[in-house]
Amino acid sequence: MARMDNTSEAILVIGLGRFGSAIAVTLDHLGKDVLAVESNATRAQNWSHRFRVVEADARSPEALDQLGAGEFNIAVVGVGTSLEASVLITANLVDLGIREIWAKATSREHGTILKRIGAHHVVYPENDAGQRVAHMLSGKMLDYIEMEDQFTIVKMVPPKELVGFTLGETNVRQKYGVSVIGVKSPGQPFEYATPETKIGQGDVMIVSGEPALLEQFANRS
C-alpha cells in the first residue's frame, strides 16, 4: 500500500459508514487532507472519487503499518456496528501512538471500553442526535447542543416578555439563570450580546446554561 505524504497534517478516517463518511466528506469540504480506510470494496470504490480511500482491514496491525497509519496525528474510528472491530482498531491505533483518537460508540458500555483502551474522545452520534431532536420536539428550541458538565447551548425564539427591551433591562441572567450569547435579527448579521442589545420581533437568540433552566426559559416563548 502506498503511504500518504504530509500525514502529520492529514486525518485518518477508518470506516465509511454513515458516520465515517459524513466526517470524511466534511473534512474534505473544509480543505483537510483525508485518508479513509474501508474494508468493504464497494463502499471504498463509491467514495474514491471524493478523497483518497484505501481498501484494507484496519483490524490488522500489519495493514495499518503498511499504509503508514502511525504517522498520522489524528485518527477517527467510524466503525460502530461491530464492537469487536471497533475495539481492535482503536487498540491498534493506541499501540501506534497516535496523538488524538476519536472513536464512535453505540452505547455507554461500548464507550467505556474504548476509553479504557486509550481512545481520547468518544462520541455517541445516535444518542446525541436523539437527545437533540427530543429537546427540539418537546419545547420551543430551534437547535440544541449539549456540551459537558451540565453546559448546553440552544437556539430559540425569545420569550414575548423580552421583545422590545434590551438585555440589560430584562436582566435575563439574574431572573432565569441563563446567559444570552448573541442575537440574530432577520436580514442582519449575528450580533454578540451586550446589555444594550435590544430584542426584536422575529429575532433568534443563542442562549447557554443548564439544560433544565434552558427548558424553562425556552418554554416561556
Side-chain angles (χ1 to χ4, degrees), residues 1 3-4 6-28 30 32-40 43-44 47 51-135 144-153 208-212 214:
M1 299 178 190
R3 290 172 179 252
M4 191 173 189
N6 301 319
T7 51
S8 62
E9 299 299 324
I11 298 175
L12 181 67
V13 178
I14 300 177
L16 289 176
R18 285 178 296 178
F19 178 71
S21 61
I23 288 178
V25 167
T26 304
L27 289 171
D28 179 68
L30 293 171
K32 302 293 185 180
D33 290 329
V34 175
L35 175 62
V37 181
E38 171 57 53
S39 60
N40 181 283
R43 191 177 289 168
W47 287 108
F51 38 76
R52 185 171 179 187
V53 182
V54 173
E55 182 189 339
D57 186 353
R59 293 175 299 179
S60 165
E62 292 77 16
L64 289 175
D65 184 62
Q66 287 181 39
L67 60 87
E71 299 173 16
F72 287 78
N73 287 326
I74 303 174
V76 178
V77 181
V79 177
T81 53
S82 170
L83 176 61
E84 179 183 0
S86 169
V87 170
L88 284 173
I89 293 167
T90 302
N92 288 339
L93 297 176
V94 171
D95 290 342
L96 288 171
I98 293 180
R99 187 179 66 193
E100 194 171 340
I101 300 171
W102 294 72
K104 171 187 174 180
T106 55
S107 68
R108 294 295 170 185
E109 294 78 12
H110 184 184
T112 298
I113 295 171
L114 293 173
K115 288 180 180 178
R116 285 180 178 173
I117 64 176
H120 305 98
H121 308 277
V122 175
V123 293
Y124 305 85
E126 287 86 1
N127 181 70
D128 293 345
Q131 288 186 359
R132 183 181 182 190
V133 172
H135 281 284
Y144 182 98
I145 303 174
E146 188 170 346
M147 310 294 280
E148 296 179 350
D149 301 323
Q150 290 294 297
F151 180 77
T152 298
I153 299 174
S208 67
E210 295 182 10
L214 288 169

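One-based numbering along the sequence shown.
- The closest side-chain heavy-atom distance from Y144 to L214 is not below 4.5 Å.
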Under the criterion side-chain contact (heavy atoms from CB on, under 4.5 Å), I'd like the reasoning laid out for F51 against L16: C-alpha separation, chi angles, the key distance, then a yes or no.
CA-CA 12 Å; F51 38 76; L16 289 176; 4.1 Å; yes
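- In terms of heavy atoms, W47 sits closest to S21 at CZ2-CB, 3.5 Å.
- The distance from atom CG of N92 to atom CD1 of I14, rounded to the nearest 0.5 Å, is 8.0 Å.
- The minimum heavy-atom distance linking A44 with E55 is given by the pair CB-CB, 4.4 Å.
- To the nearest 0.5 Å, atom CG of residue D33 and atom CZ of residue F72 are 9.0 Å apart.
- A distance of 6.0 Å separates CZ of R99 from CD1 of I74, quoted to the nearest 0.5 Å.
- Across every non-hydrogen atom of A119 and A103, the tightest pair is CB-CB, 4.3 Å.
- The OG1 atom of T90 sits 15.0 Å away from the CZ atom of R116 when rounded to the nearest 0.5 Å.
- Annotation: the span from L35 atom CG to E71 atom CD amounts to 11.0 Å, rounded to 0.5 Å.
- Closest heavy-atom contact between S107 and Y124: O-CE2, 3.2 Å.
- Across all non-hydrogen atoms, the minimal contact from P211 to T152 is CG-OG1, 3.4 Å.
- Without hydrogens or angle criteria, D28 side chain to V34 main chain gives no donor-acceptor distance under 3.5 Å.
- For the pair I113 and E109, the minimum side-chain heavy-atom distance is 4.5 Å or more.
- The heavy-atom pair separating I117 from V87 by the smallest distance is CD1-O, 3.5 Å.
- For the pair L12 and L93, the minimum side-chain heavy-atom distance is below 4.5 Å.
- Checked by atom type and distance alone, the side chain of S86 never pairs as donor or acceptor with a backbone atom of S82 at under 3.5 Å.
- How far CD of E84 is from CD1 of I89: 10.0 Å, rounded to the nearest 0.5 Å.
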